[in-house]
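Read through the structure below, which is laid out as structure tokens, and then see the notes.
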Amino acid sequence: MNDLRIFIVDDEPLAVDRLKQVLRAVKGAEVVGSACNGAAAIREICDLEPDLVFLDMKMPGLSGVEVAASLKAQGQGSEIVFVTAFDCFASEAFEVDAADYLVKPVRLDRLESAVHRAIRRRDSRLASQRVEELELVVNALRDSQGKGRAKQKYDEELWAPRAGGLSRIPTSSVVWVEAARDYMLVHTEHRTHILRETMASLEARLDPDVFIRAHRSALVNVAHIVGTERLGREGLQLRTTAGNLIRVGLGRRAAIRQRLGGRTGSAIKADLPS
């Protein structure tokens, strides 16, 4: 069994200690940290990136389900096993794709079963990611055949960190990019990646014939714009293939209208406010 890095979240210190003691008997299990409330748990889990989180269901402040949903929304990939004194929340647990649901007091055999299941889910997820990345590389190589060896002026792919390595993102799959403090959130139709980079440096790497600045903190792939909508009396927002609505800065509205208005016959041109 491959080693599993584990994080424990419970508002009762004695419950944390008991779970640590039981886990000592589980081969390959390593407890890397713990937290007593949901807010602290989210911070620590995002920092430590454990393989598995044992998560109490009912805690002061954020509930276990709310913690799991927040981690999932941030793209955090830890497997979740709920450990609770209540047996009535299983449906809520599995709605957030929990690996298992254990009722206190936890038996060793159930704990080992949950750990094994989490390992299988982790390994399956990582294998799927590797297959997906290989497919992207193969497709990129096929697309590049016959195009010569001239160096491209602009990047055709981005590489984003993920647990255990990097993810390749073809720029053609990027719907839009959003600045968030010291990070760039790169949104595709299926997930969001995080890059530690400035908007100016990232914009310089991307083809201006493909990406257009909607406002100070947003770049949008023109190929993924499917329409526009009015926003108040003067405003305008872009509608993307992923269903996002992205506000257009007033100072950029004319450039956006000129750029999209050139797409003759498209629904976009008809939607553009005058």
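Note that this is a predicted model, so its numbers are computed, not measured.
Using a 4.5 Å heavy-atom cutoff, the side chains of I80 and L71 are in contact. Looking at heavy atoms from C-beta onward, E156 lies out of side-chain contact with D207 at the 4.5 angstrom threshold. With contacts defined as side-chain heavy-atom distances shorter than 4.5 Å, the pair V186/L195 qualifies. Counting heavy atoms from C-beta outward, M184 and E178 have side chains that stay 4.5 Å or more apart. Counting heavy atoms from C-beta on, the side chains of H193 and S167 come closer than 4.5 Å. Between I45 and Q76, some side-chain heavy-atom pair lies under the 4.5 Å cut-off. A heavy-atom distance below 4.5 Å is not found between the side chains of T228 and V248.
The side chain to side chain contact (heavy atoms under 4.5 Å, CB included) test applied to A118 returns L4, L52, E79, not counting sequence neighbours. When the side chain to side chain contact (heavy atoms under 4.5 Å, CB included) test is applied to E189, the partners found at least two apart in sequence or on another chain are V175, H224, T241, A242. With sequence neighbours excluded, the residues forming a side chain to side chain donor-acceptor pair (under 3.5 Å) with T240 are N244, listed by chain and number. Under the salt bridge (charged side-chain N to carboxylate O under 4.0 Å, His left out) criterion, E197 pairs with R205, not counting sequence neighbours. Listed by chain and residue number, nothing satisfies the side chain to side chain donor-acceptor pair (under 3.5 Å) test with R252 (two or more places apart in sequence, or in another chain). For R191, there are no salt bridge (charged side-chain N to carboxylate O under 4.0 Å, His left out) partners at least two apart in sequence or on another chain. For S34, the side chain to side chain donor-acceptor pair (under 3.5 Å) test picks out no residue, with sequence neighbours left out.
The list of side-chain hydrogen bond (donor to acceptor under 3.5 Å, both in side chains) pairs with a residue in residues 4-25, not counting sequence neighbours, reads D10-K104. Within the structure, no pair that satisfies the salt bridge (charged side-chain N to carboxylate O under 4.0 Å, His left out) test touches residues 39-49, not counting sequence neighbours. For residues 208-217, the set of pairs meeting the side-chain hydrogen bond (donor to acceptor under 3.5 Å, both in side chains) definition, not counting sequence neighbours, comprises E203-R213.
Placement of V177 and I246 in two distinct hydrophobic clusters is found when ILVMFWY residues are connected by side-chain heavy-atom separations under 4.5 Å, directly or transitively. By the criterion of side-chain heavy atoms lying less than 4.5 angstrom apart, applied directly or through intervening Ile, Leu, Val, Met, Phe, Trp or Tyr residues, F211 is not grouped with I256; the two fall into different hydrophobic clusters. Follow the hydrophobic side-chain contacts under 4.5 Å out from Y154 and you never reach L202; the two are in separate clusters. A single hydrophobic cluster is not seen to contain both V210 and I212; linkage of ILVMFWY side chains at heavy-atom distances under 4.5 Å, directly or through other members, places them apart.
Cluster note: I194 groups with Y183, L185 through ILVMFWY side-chain heavy atoms spaced under 4.5 Å, whether in direct contact or through intervening members. Using a 4.5 Å cut-off between side-chain heavy atoms of Ile, Leu, Val, Met, Phe, Trp and Tyr, W159 falls into a hydrophobic cluster with L166.
Going from atom CG of L245 over to atom CG of L238 covers 9.0 Å, rounded to the nearest 0.5 Å. With values rounded to the nearest 0.5 angstrom, S113 atom OG is found 9.5 Å from R107 atom CZ. The distance from atom OG of S124 to atom CD1 of I119, rounded to the nearest 0.5 Å, is 13.5 Å. Distance CD/E30 to CG/D51: 9.5 Å, rounded to 0.5 Å.
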Report task. Carefully, step by step, assess L102 and T84 under the rule side-chain contact (heavy atoms from CB on, under 4.5 Å). Result -> CA-CA 6 Å; L102 306 181; T84 176; over 6 Å; no
Report task. I would like to know whether V106 and V22 meet side-chain contact (heavy atoms from CB on, under 4.5 Å); could you show each step before the answer? Result -> CA-CA 9 Å; V106 180; V22 179; 5.6 Å; no
Requested in this report: Apply side-chain contact (heavy atoms from CB on, under 4.5 Å) to L55 and V81, showing your working.
Outcome: CA-CA 6 Å; L55 182 57; V81 170; over 6 Å; no
Requested in this report: Show the numbers, then the answer: is there a side-chain contact (heavy atoms from CB on, under 4.5 Å) between L111 and F54?
Outcome: CA-CA 10 Å; L111 192 67; F54 282 106; 3.6 Å; yes
**Report entry** From CA spacing to verdict: side chain to side chain donor-acceptor pair (under 3.5 Å), S70, Q74
**Finding:** CA-CA 6 Å; S70 176; Q74 296 180 57; 3.1 Å; yes
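Between W176 and H187, the angle of the ring planes stays under 30°, which puts this pair in the parallel group of the 30/60° scheme.
For the side-chain contact (heavy atoms from CB on, under 4.5 Å) criterion with V9, the lone passing option out of D56, V83, V16, V53 is V53.
Under a 3.5 Å cut-off, the side chain of E112 and the backbone N or O of D109 do not form any donor-acceptor pair. Between the N221 side chain and the V174 main chain, a donor and an acceptor come within less than 3.5 Å of each other.
The two residues A68 and F82 make their nearest non-hydrogen contact at CB-CZ, 4.0 Å.
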